[in-house]
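First up is the structure itself, then whatever we jot down about it.
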Amino acid sequence: MIDKNNLINNTQSYGGVWILAEVAGKAIDKVSFELLSRGRQLADARSTELSAVVLGWRINQSDLEELIARGADKVIFVESPQLEHFLVEPHSACLLELIKQYRPEILIAAATTTGRTLMPYLAVRARAGLTADCTELKIDKETGGLLQIRPAIGGNVLATIITPAARPQMATVRPRSTKPAPMQKGRTGEIVRINPPADLLKSCLQRLGFESDQSTHSIQDADIIVAVGRGIGNARNIRIVEELADALDAAIGASREVVDRGWLGYPHQVGLSGKTVTPKLYIAIGISGAVQHLAGMQTAETIVAINEDPQAPIFTVADFGIIGDLFEIVPALTERVRQARKK
Amino acid sequence: MPIFKERSTKNSSGKWVNDKNIAMRIIVPIKQVPSSDDVQLDPQTGTLIRQGVEAIVNPLDLYAIETALSIRDKHGGEIIVISMGPAQAAEALREAISMGADEAVLLCDSVFAGSDTYATAYVLSTAIKRLGEYDLIICGERATDGETGQVGPGIASFLNLPVITYVSKIDELIENHRKQSKHPEGIRVHRLIETGYEIIKADLPVVLTVVKEIAIPRLPTLAGKIRARNLQIPIWSASDLGIEKNQVGLTGSLTKVVKIHKPCIVRKSEKITVENELSRQEAINRLISILQDKLLL
Ligand SMILES: Cc1cc2nc3c(=O)[nH]c(=O)nc-3n(C[C@H](O)[C@H](O)[C@H](O)COP(=O)(O)OP(=O)(O)OC[C@H]3O[C@@H](n4cnc5c(N)ncnc54)[C@H](O)[C@@H]3O)c2cc1C
């Protein structure tokens, strides 16, 4: 299966940094701007060009231009009705052709359901090394190679991974692990449109429909997350934090203990095996702060912890800690927030 | 050599030849993982040191096994679990057998050690090719130790099959319109993505990776445990699979771990202990002022 002649993995002949823009329906998803922010740094460190690849259908010109305004030097837009929704075979086939033609040295995508499916599929086809779920990417000053940094062993350590010989160096990047690249007025770049040949678009899969369920989305987009841990005691008590979340217009997060006990659904789980979140404010209530939980929230702008145990590790990452009984503090806090909001 | 009956694969025109007497054949690749996160890394190679740590079936693979079992409950057929790992990974296979899987194969060779997801998917897909004809390959979403989720799609890619990831529900197996075959023609599933559920239809064979939502894994049965204890599990080495030493393990991997370090977090933490009404008010006032500073109120 390994066809060494398929791609000549001669690192010298590869150049340029690519990000794979994430498309949601007919629009560019915001996570793409986070990739641009990563990609721009890498391209600058390598003194090379940053390209954004878009696979989709009927994407507005203004959306493509926004990619340039946020840091891309070039946008490669592969357009076809068959690329409107993600299906692994046509997406992978189109990208493989682009890689063969343009030979980028780095390709990064978001560690979303799309990126985490497409990238490993493509990496095998391209015989390229791939690192999952990176939280940091850097260029090695000596070798010029990509340093791919990701949490390992239950988030206890960070591992730095390299791809010594195979190209492109591929990585998926955790959503919300960096800030989106800002718009810069006056940035210019090139937009290349490509109509892929039919044989690249074949698929044994068919997308028959879609059932929207936004409950899974809210926690990653929220400015405030009120997160609850085992300290809440039982499912009925969840109401106490729901009321606070409601008063604050916040999303509800949870530790794995809470999810495993069925008190809240998996979409609420924050941490290594749940979501990574970077809200403006994270309020951890009755959460001890295990490393696996911290792995998902320690990049929040401000962290507040409410816990009766002064030794709880959550306090080591908190900007502000309240040591005390959550059942006393939270309802009183909710009341104060409601009053403040009324004014 | 294999204990498996010879099966027809593809005829000259590349069409699947369905033997009327064989119902569905499902392959479930599983991984043995440390039961806790308290494992050490080899500072030299950056790979996991597995000795001395209690090992279990990757919890997320139990959902793949359960999915296969419930398909077999409804449609009949055969489930083969395979695992690449050290000799003790046979225990993980035995657990799958005790839950109800039919056959197991262990892919074990010292040259496999240290394989990255590319090399691992290569070994597993090579073994799957050797198992002959199949209808479905079902994987867990990811392993709880490596946490990459790359092996399932990697296997699909090596086998030139499509993959549907994050499957949360099997809606139906689509019957073969020729009816004389017990092999279904396709499958329809729900796939959990960030914004909801996609409904996807696929021709068989196809690779699925499943999420927790799909089922509740059953417990091993007594009869299953007895069968598991007595089952001979064939062990396939690299040479059995026709794999060269330099295609797998650390040398065959395209990625290398070069450094392991502890993350450091610095936050100046301010604390208030709530002991009475007064300190509670003080704490709440402080929090309200944080909210106001950040324009969140
Ligand atoms: C591979 C792996 C992956 C994992 N992934 C995740 C993950 O993604 N997310 C995650 O969260 N965990 C994860 N875990 C589990 C993690 O190790 C912890 O077990 C979990 O985070 C603990 O949840 P908790 O803080 O709610 O519970 P506990 O650790 O039991 O903490 C409860 C806290 O509540 C406090 N408390 C109790 N009563 C009160 C009260 N009345 N008032 C105030 N405080 C009170 C206690 O002092 C205690 O600190 C993972 C583990 C492993 C091994």
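Values in this document were obtained by computation on a predicted structure and should not be read as measured data. Each chain gets a letter, A, B and so on, in the order its sequence line appears, and its residues count up from 1.
- Ranked by non-hydrogen atom pairs under 4.5 Å with chain B, the options A:G321, A:A111, A:A340 are led by A:G321.
- Put simply, CD1 on A:I149 and NE2 on B:H261 are 6.0 Å apart, with the number rounded to the nearest 0.5 Å.
- Atom OG1 of residue B:T255 and atom CD1 of residue A:I162 lie 9.0 Å apart, to the nearest 0.5 angstrom.
- Residue A:I329 holds its CD1 atom at 10.0 Å from CG of B:L287, rounded to the nearest 0.5 Å.
- Using a 4.5 Å heavy-atom threshold, the side chains of B:I272 and A:F320 count as touching.
- Other residues, nucleotides and ligands contribute over 12 non-hydrogen atoms within 6.0 Å of the CD atom of A:E301.
- Interface summary for chain A: among B:Q292, B:H190, B:E141, the most heavy-atom pairs under 4.5 angstrom belong to B:H190.
- Here the straight-line distance linking atom CG of B:L297 with atom CG of A:L281 works out to 10.0 Å at 0.5 Å rounding.
- Of the atoms belonging to B:V206, it is side-chain heavy atoms, and not backbone ones, that fall under 4.5 Å from chain A.
- For the pair B:I288 and A:V337, the minimum side-chain heavy-atom distance is below 4.5 Å.
- Taking 4.5 Å as the limit, some side-chain heavy atom of A:I322 sits within range of a side-chain heavy atom of B:V274.
- Atom-to-atom distance recorded for B:L291:CG and A:T302:OG1 is 9.5 Å, nearest 0.5 angstrom.
- What you find for A:L208 and B:K201 is that their closest heavy atoms are CD1-CB, 3.8 Å.
- Residue B:I155: no heavy atom, backbone or side chain, is found under 4.5 Å from chain A.
- Applying the side chain to side chain donor-acceptor pair (under 3.5 Å) test to every pair with at least one member in residues 273-291 of chain B, sequence neighbours left out, gives these pairs: A:R336-B:N285, B:E270-B:R286, B:N276-B:S279, B:E277-B:R280, B:E277-B:Q281, B:R286-B:S289.
- Expressed to the nearest 0.5 Å, how far NZ of B:K271 lies from CG of A:N307 amounts to 10.5 Å.
- In this structure, chain B has no heavy atom under 4.5 Å from any part of A:E308.
- B:N160 places a side-chain heavy atom less than 4.5 Å from the side chain of A:R125.
- Contact detail for B:S269 and A:A318: the closest heavy-atom pair is CB-O, 2.9 Å.
- B:E194 places a side-chain N or O within 3.5 Å of a backbone atom of A:T113 that can act as its donor or acceptor partner.
- Counting heavy atoms of neighbouring residues, nucleotides and ligands inside a 6.0 Å radius, atom NZ of B:K294 exceeds 12 of them.
- Contact annotation for A:E89: only side-chain heavy atoms (C-beta onward) come within less than 4.5 Å of a heavy atom of chain B.
- Using a cut-off of 4.0 Å between Lys/Arg side-chain N and Asp/Glu carboxylate O, A:R150 and B:E147 are scored as not salt-bridged.
- Looking at heavy atoms from C-beta onward, B:I284 lies out of side-chain contact with A:E335 at the 4.5 angstrom threshold.
- Of the residues listed (A:V88, A:L118, A:L205), the one engaging B:V163 in a side chain to side chain contact (heavy atoms under 4.5 Å, CB included) is A:V88, and it is the only one.
- By number of non-hydrogen pairs under 4.5 angstrom with chain B, the leading residue of A:G129, A:C204, A:S92 is A:C204.
- Ranked by non-hydrogen atom pairs under 4.5 Å with chain A, the options B:L254, B:L296, B:V211 are led by B:L254.
- Contact of A:Y121 with chain B is made through backbone and side chain together, with heavy-atom distances under 4.5 Å.
- Contact of A:A332 with chain B is made through backbone and side chain together, with heavy-atom distances under 4.5 Å.
- Looking only at heavy-atom pairs under 4.5 Å with chain A, the residue among B:I199, B:T209, B:I200 that has the most is B:I199.
- With a threshold of 4.5 angstrom between heavy atoms, B:L60 does not approach chain A through any atom at all.
- A donor-acceptor distance shorter than 3.5 angstrom exists from the side chain of B:Q150 to the backbone of A:A132, with no hydrogens or angles considered.
- Using a 4.5 Å heavy-atom cut-off against chain A, the contacting residues of residues 164-172 of chain B are B:I164, B:T165, B:Y166.
- Heavy atoms closer than 4.5 Å to chain B are found in both the backbone and the side chain of A:L333.
- In this structure, no portion of A:Q169 lies under 4.5 Å from any heavy atom of chain B.
- Of the N and O atoms on the side chains of A:H85 and B:E198, not one donor lies less than 3.5 Å from an acceptor on the other residue.
- Each of A:D133, A:V304, A:I303 has some count of heavy-atom pairs under 4.5 Å with chain B, and the biggest count is that of A:I303.
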